[in-house]
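Worksheet for the structure shown next.
Each residue takes its place number in the sequence, starting with 1.
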Amino acid sequence: MNEEKLVQRIRRDLADSNDEEFELELEDRNLDEMADSTLDLESEAYRNGRKLYFRELFRLQGELVKLQDWVVKTGQKIVILFEGRDAAGKGGTIKRITQRLNPRVCRVAALPAPNAREQTQWYFQRYVAHLPGAGEIVLFDRSWYNRAGVERVMGFCSDEQYEEFFRSVPEFEKMLLRSGITLIKYWFSISDEEQQIRFLGRIHDPLKQWKLSPMDMESRRRWEEYTKAKEVMFERTHTPESPWWVVQADDKKKARLNCIHHLLSQFDYHEITHPPIMLPPRERNEDYVRLPVPNEILVPEVY
């Protein structure tokens with residue numbers, strides 16, 4: 001990819017990112033107006049592709065709401081693992097899954113590095129604390145598979161701990177399944193070239209530079225080591241009871257839609273009928289007088 005095309009691609013990714021962040025707050029479904037914001041920047045085919053993406057996203061998110069209602073009604077317990085390379089798009093997909101859902105039903109577990117005490121615990125112990133109860137969905141933004149990936153490549157675990165993980169994880173996951181938990185494991189796969197472009201995009205976007213940790217930089221350098229670790233992980237933890245599902249993620253928008261579509265296909269859910277919602281009339285008392293808000297505690301109206 002020559003320099004001109006690389007700059008154009010990074011610019012397009014930055015524009016997409018900004019549009020997605022606006023979309024996270026968007027309640028108006030006027031997709032034509034949203035696409036018109038880039039009439040001077042992109043081709044008609046690209047704008048039409050984005051309109052199609054948003055239409056499908058809204059449709060799939062509507063299905064996720066139905067799934068959520070079914071999970072609550074039937075008392076399902078669901079765990080979804082999101083693994084993959086840095087900048088593969090796990091976080092963006094998780095945002096789109098949870099965006100319209102009730103955070104009391106669907107929550108995200110993104111654990112930091114273990115502290116000194118947690119390092120002395122049974123390896124799976126801190127993950128168990130985040131498992132769902134009846135009527136809950138938990139999305140792990142990285143999971144116990146850290147041991148098979150980053151911990152292995154960066155030397156954060158011993159050979160004995162690494163081997164013990166592979167002995168334990170199939171049994172651990174079988175225990176989860178026997179307890180009534182539905183476990184789904186996704187791996188987001190991107191190419192070497194695509195990861196480089198996304199890292200460059202983050203470097204040139206002040207709002208995303210915080211995502212570039214020293215660990216991310218090291219993962220870029222050790223691309224091949226991470227590939228080998230992933231291949232070993234698949235070989236030893238892809239089981240009939242708990243298979244891995246690979247999301248091709250070079251195209252972020254397609255990856256999000258494909259992942260959500262696949263997730264929905266894993267459940268025989270149906271729409272739950274709710275009683276009509278009636279807004280009750282507000283009670284009014286003649287002796288009630290609303291007190292004025294003191295000026296000194298008002299937030300200045302700058303805008």
Are there over 12 heavy-atom neighbours, none belonging to [X], within less than 6.0 Å of that residue's [atom1]?
X: His270; atom1: NE2; result: yes
X: Arg104; atom1: CZ; result: no
X: Gln209; atom1: CD; result: yes

Tell me whether [X] is salt-bridged to [Y], with the criterion being a basic N under 4.0 Å from an acidic carboxylate O.
X: Lys228; Y: Glu224; result: no
X: Asp86; Y: Arg142; result: yes
X: Arg236; Y: Glu163; result: yes
X: Lys185; Y: Glu83; result: no

Are [X] and [Y] in a cation-pi setup, meaning NZ or CZ lies under 6.0 angstrom from the ring centre and within 45 degrees of the ring axis?
X: Lys90; Y: Phe82; value: no
X: Arg147; Y: Phe165; value: no
X: Arg126; Y: Trp144; value: no

Going from [atom1] on [X] to [atom2] on [Y], what distance comes out if it is rounded to the nearest 0.5 angstrom?
X: Thr93; Y: Lys252; atom1: OG1; atom2: NZ; result: 10.5 Å
X: Phe58; Y: Glu63; atom1: CZ; atom2: CD; result: 15.0 Å
X: Leu139; Y: Ile78; atom1: CG; atom2: CD1; result: 9.5 Å
X: Leu183; Y: Met175; atom1: CG; atom2: CE; result: 13.0 Å
X: Leu101; Y: Leu67; atom1: CG; atom2: CG; result: 8.0 Å
X: Lys73; Y: Gln68; atom1: NZ; atom2: CD; result: 14.5 Å

So which pairs with a foot in residues 272-284 pass side-chain hydrogen bond (donor to acceptor under 3.5 Å, both in side chains), sequence neighbours left out?
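Listed once each, the pairs are Asp69-His274.
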
With side chains defined as the heavy atoms from C-beta onward, is the minimum distance between [X] and [Y] less than 4.5 Å?
X: Glu118; Y: Gln125; value: no
X: Tyr269; Y: Thr74; value: no
X: Tyr53; Y: Arg256; value: yes
X: Val79; Y: Leu81; value: yes
X: Glu193; Y: Gln196; value: no
X: Met154; Y: Arg222; value: yes
X: Asn146; Y: Phe156; value: no
X: Gln266; Y: His262; value: yes

With a 3.5 Å distance limit and no angle check, can you tell me whether Asn258 reaches the backbone of Lys254 through a side-chain donor-acceptor pair?
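At least one qualifying donor-acceptor pair exists.
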
Main-chain N/O of Ala116 paired with Gln119 side-chain donor or acceptor, under 3.5 Å:
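Checking the backbone N and O of Ala116 against the side chain of Gln119, no donor-acceptor pair under 3.5 Å is found.
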
Compute whether any side-chain donor of one residue and acceptor of the other, for Arg85 and Gln195, lie under 3.5 angstrom apart.
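There is no such pair (donor and acceptor under 3.5 Å, judged by atom type) between the side chains of Arg85 and Gln195.
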
The single option from Trp244, Phe234, Tyr123 passing ring-ring contact (aromatic ring centres under 6.0 Å, His included) against Tyr145
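For Tyr145, the ring-ring contact (aromatic ring centres under 6.0 Å, His included) test succeeds with only one of Trp244, Phe234, Tyr123, which is Trp244.
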
Kindly indicate, with the supporting measurements, whether the criterion side chain to side chain donor-acceptor pair (under 3.5 Å) is fulfilled by Gln99 and Gln61.
CA-CA 8 Å; Gln99 182 180 351; Gln61 287 178 332; 3.0 Å; yes

With Tyr226 via ring pair (Phe, Tyr, Trp, His ring centres under 6.0 Å) - residues at least two apart:
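Here no residue qualifies.
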
What do you reckon, are the aromatic ring centroids of Trp245 and Phe188 less than 6.0 Å apart?
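No: the rings miss the under 6.0 Å criterion.
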
Go through the steps for Arg55 and Arg59 under the test side chain to side chain contact (heavy atoms under 4.5 Å, CB included), then give the verdict.
CA-CA 6 Å; Arg55 288 194 181 101; Arg59 183 185 70 81; over 6 Å; no

Is there a path from [X] to [Y] through hydrophobic residues (I, L, V, M, F, W, Y) whose side chains come within less than 4.5 Å of each other?
X: Phe199; Y: Ile197; answer: yes
X: Ile260; Y: Phe267; answer: yes
X: Val71; Y: Leu64; answer: yes
X: Val246; Y: Ile80; answer: no
X: Ile190; Y: Val247; answer: no

Kindly determine whether Asp216 and Ser219 satisfy side chain to side chain donor-acceptor pair (under 3.5 Å), including the steps that lead there.
CA-CA 5 Å; Asp216 295 328; Ser219 74; 4.9 Å; no

Do you know which two heavy atoms are closest between [X] and [Y], and how far apart they sit?
X: Pro132; Y: Ile181; answer: CD-CD1, 4.3 Å
X: Thr98; Y: Cys106; answer: CG2-SG, 3.8 Å
X: Ala249; Y: Ala255; answer: CA-CB, 3.7 Å
X: Leu131; Y: Val138; answer: C-CG2, 4.3 Å
X: Arg198; Y: Ala87; answer: NH1-O, 2.8 Å
X: Ser168; Y: Glu164; answer: OG-OE2, 2.7 Å

Can you list the steps and then say if Arg100 with Leu60 is a side chain to side chain contact (heavy atoms under 4.5 Å, CB included)?
CA-CA 10 Å; Arg100 314 286 177 186; Leu60 291 172; over 6 Å; no

Could you walk me through whether Lys77 and Thr182 satisfy the side chain to side chain donor-acceptor pair (under 3.5 Å) test, starting with their C-alpha distance in whole Å, then the side-chain angles of each, then the deciding distance to 0.1 Å, before giving a yes or no?
CA-CA 6 Å; Lys77 297 179 287 185; Thr182 298; over 6 Å; no

Which residues share a salt bridge (charged side-chain N to carboxylate O under 4.0 Å, His left out) with Asp250, sequence neighbours left out
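By the salt bridge (charged side-chain N to carboxylate O under 4.0 Å, His left out) rule, Asp250 matches no residue at all.
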
Step-by-step side chain to side chain donor-acceptor pair (under 3.5 Å) determination, Glu151 to Tyr162
CA-CA 9 Å; Glu151 291 191 17; Tyr162 180 67; over 6 Å; no

Would you please test Leu207 and Arg202 for side chain to side chain contact (heavy atoms under 4.5 Å, CB included) and show each step?
CA-CA 8 Å; Leu207 299 180; Arg202 290 181 177 183; over 6 Å; no

Stepwise side chain to side chain contact (heavy atoms under 4.5 Å, CB included) check, Val108 with Phe140:
CA-CA 6 Å; Val108 179; Phe140 279 89; over 6 Å; no

